[in-house]
Amino acid sequence: MDFSIPSHVQDIVRRVREFVDTEVIPLEPYIHRVERGGLTPEMLTSLRAKAKLAGLWAPQLPPQLGGLGLSLQEIVPVFETAGRSLLGPLALNCAAPDEGNMHLLHLFASEEQTERYLKPLAAGEIRSAFAMTEPPPGAGSDPNMLQTSAVRDGDHWVINGHKWFTSGAEGAAFLIIMARTNPDVPTHKGATIFLAPLDTPGIEIVRLVPTMGADDLGGHPEVKFHDLRLPHSAILGEEGQGFMLTQARLGPARLTHCMRWTGIAQRALEIATQYASEREAFGNRLTGHQAVQWMLADSATELHAGRLMIQQAAWLLAQGQQARQETSMCKVFVAETVNRVIDRAIQICGGKGITRDLPLSTWYEAARAFRIYDGASEVHRMVIARQVVKQYAQ
Ligand SMILES: Cc1cc2nc3c(=O)[nH]c(=O)nc-3n(C[C@H](O)[C@H](O)[C@H](O)COP(=O)(O)OP(=O)(O)OC[C@H]3O[C@@H](n4cnc5c(N)ncnc54)[C@H](O)[C@@H]3O)c2cc1C
């Protein structure tokens with residue numbers, strides 16, 4: 001096993017770190033709901049222009065799409081460094097949901113879909129959203145409960161349904177919609193993905209669902225489809241392949257979430273370490289108290305383990321393996337680690353940890369969702385346990 005990071009990747013990591021420190025972190029108050037009005041489109045455009053100028057745009061995309069052409073393994077430290085701020089990945093065009101959506105389109109889009117959707121998305125000219133989850137009684141943890149239907153009408157499809165948590169949909173140029181095209185077979189055979197411009201008649205953004213955490217660009221809207229009429233050419237891949245395509249998106253997307261969140265957790269640990277190094281109590285620096293030392297040690301150890309799990313799962317995916325068990329293990333472990341590390345950092349910083357003077361309180365709120373989206377921890381444990389039992393039976 002070779003754990004060394006190639007020198008060209010080290011160079012990118014160093015430059016991303018400098019960019020995040022000098023250009024990104026100063027803008028954090030606008031998404032942490034500290035500065036009123038949030039991050040304006042002009043601020044984001046200017047930040048992204050600086051990222052392009054610095055040669056840091058879209059590390060994960062191939063050069064023909066304007067990216068740096070790094071492999072899944074190579075982006076591990078780059079995404080972590082960009083992820084030191086919730087705004088960093090957005091600046092570099094490697095944030096969710098666009099990053100996962102670009103990956104999906106890169107794998108499966110037709111030439112026409114590539115021109116219309118992928119290229120402007122890769123250039124940062126437009127944004128996208130992925131509409132899978134539905135409110136009860138529709139699909140949530142269990143995709144078999146998918147209710148949104150698409151019915152064929154000549155050369156067109158007519159879609160009706162109700163989604164929510166369509167992250168980024170407000171202001172997006174298009175939606176990636178999962179709908180059931182064959183109600184007589186299980187979802188993994190009867191679901192299809194459609195691409196729909198947001199201004200197509202029949203798409204209603206009902207409301208931006210208010211959530212805890214930072215201001216995420218485009219929110220997490222509730223969306224309804226009323227007789228949304230799309231041409232057959234709006235299908236991504238083939239009819240009935242929706243579930244298979246989603247799996248191709250979700251495996252790497254779970255890992256990239258883990259990479260970015262590791263960056264936030266690492267910074268939380270650094271903030272806690274700085275506070276503990278300067279603050280005194282009972283005649284000693286906080287770093288001199290064993291209870292604090294153990295919190296720092298546990299956080300550093302868990303982050304180290306998470307990084308190795310990410311690297312190994314990325315390596316398996318790069319070998320062409322599905323790595324379902326490993327990506328699930330990674331998702332559970334890193335999501336729970338990130339929540340614990342931020343929680344400990346708040347504890348170490350005492351009352352200051354609760355204030356908005358530090359970013360910890362916003363991260364604490366924002367990280368909570370990571371244990372739910374892209375599969376709740378319980379669902380991933382179910383996947384892992386199934387494999388354990390299967391292996392035992394064999
Ligand atoms: C901030 C945020 C952003 C999101 N962005 C998107 C997006 O862009 N696109 C999209 O389509 N979706 C998105 N989601 C939705 C997300 O993927 C779902 O919330 C998630 O899949 C869980 O579905 P659910 O909320 O319906 O929970 P439910 O299915 O109602 O499950 C509720 C809880 O039940 C438990 N549970 C479920 N199954 C099991 C089981 N087998 N064993 C034990 N316990 C179980 C878990 O604790 C789970 O949290 C987002 C969610 C959040 C919070």
Side-chain angles (χ1 to χ4, degrees), residues 31 33 86 89-90 95-104 121 127-148 159 161-172 174-180 187 191-196 198 203 205-225 236 242-243 245-247 249-251 253-254 256-257 260-261 264 327-328 331-332 335-336 338-339 362-389:
I31 61 157
R33 299 176 181 171
L86 293 176
L90 202 58
D98 283 345
E99 179 261 320
N101 293 344
M102 285 189 277
H103 179 67
L104 180 70
L121 197 55
R127 290 192 294 101
S128 61
F130 190 81
M132 164 83 186
T133 306
E134 300 167 340
S141 299
D142 184 356
N144 272 313
M145 292 160 70
L146 186 70
Q147 305 240 318
T148 297
I159 299 180
H162 188 184
K163 303 281 186 183
W164 74 338
F165 289 108
T166 309
S167 297
E170 169 92 346
F174 69 100
L175 302 183
I176 301 174
I177 302 168
M178 176 74 91
R180 194 181 278 280
T187 308
T192 302
I193 288 182
F194 294 85
L195 305 179
L198 193 73
I203 299 181
I205 297 216
V206 181
R207 65 179 178 130
L208 267 68
V209 183
T211 58
M212 59 179 175
D215 270 334
D216 290 320
L217 196 64
H220 304 285
E222 181 179 343
V223 183
K224 281 187 177 168
F225 307 124
L236 183 68
F243 197 71
L245 266 56
T246 309
Q247 289 308 313
R249 177 190 187 277
L250 281 179
R254 278 180 192 131
T256 54
H257 269 310
R260 289 183 290 255
W261 272 114
I264 289 289
T327 50
S328 281
K331 169 65 173 53
V332 172
E336 296 183 0
V338 166
N339 275 266
T362 305
W363 294 340
Y364 183 80
E365 292 171 349
R368 187 63 185 81
F370 188 28
R371 284 166 55 197
I372 294 172
Y373 58 63
D374 277 0
S377 289
E378 293 74 18
V379 175
H380 285 293
R381 283 192 167 88
M382 179 183 75
V383 171
I384 298 163
R386 271 187 194 150
Q387 197 63 23
V388 172
V389 174

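Computed from a prediction, not measured in an experiment: that's the story for all the values here. Both counts, for ligands and for their atoms, begin at 1 and track the order of listing.
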Min side-chain heavy-atom separation Val223-Trp164 under 4.5 Å = no
Please identify each residue that fulfils salt bridge (charged side-chain N to carboxylate O under 4.0 Å, His left out) with Arg249, with sequence neighbours left out.
-> none
Which protein residues have a heavy atom closer than 4.0 Å to any atom of ligand 1, listed by chain and number?
-> Phe130, Met132, Thr133, Gly140, Ser141, Phe165, Ser167, His220, Ala369, Ile372, Tyr373, Asp374, Ala376, Glu378, Val379, Met382
Would a 4.5 Å heavy-atom cut-off, applied to side chains only, mark Glu99 and Pro89 as touching?
-> no
Side chains of Thr187 and Asp142 in contact at under 4.5 Å (non-hydrogen atoms) = no
Are Glu134 and His162 side-chain neighbours, meaning at least one heavy-atom pair lies under 4.5 Å?
-> no
Enclosure of Phe370 CZ (heavy-atom neighbours >12, cutoff 6.0 Å) | yes
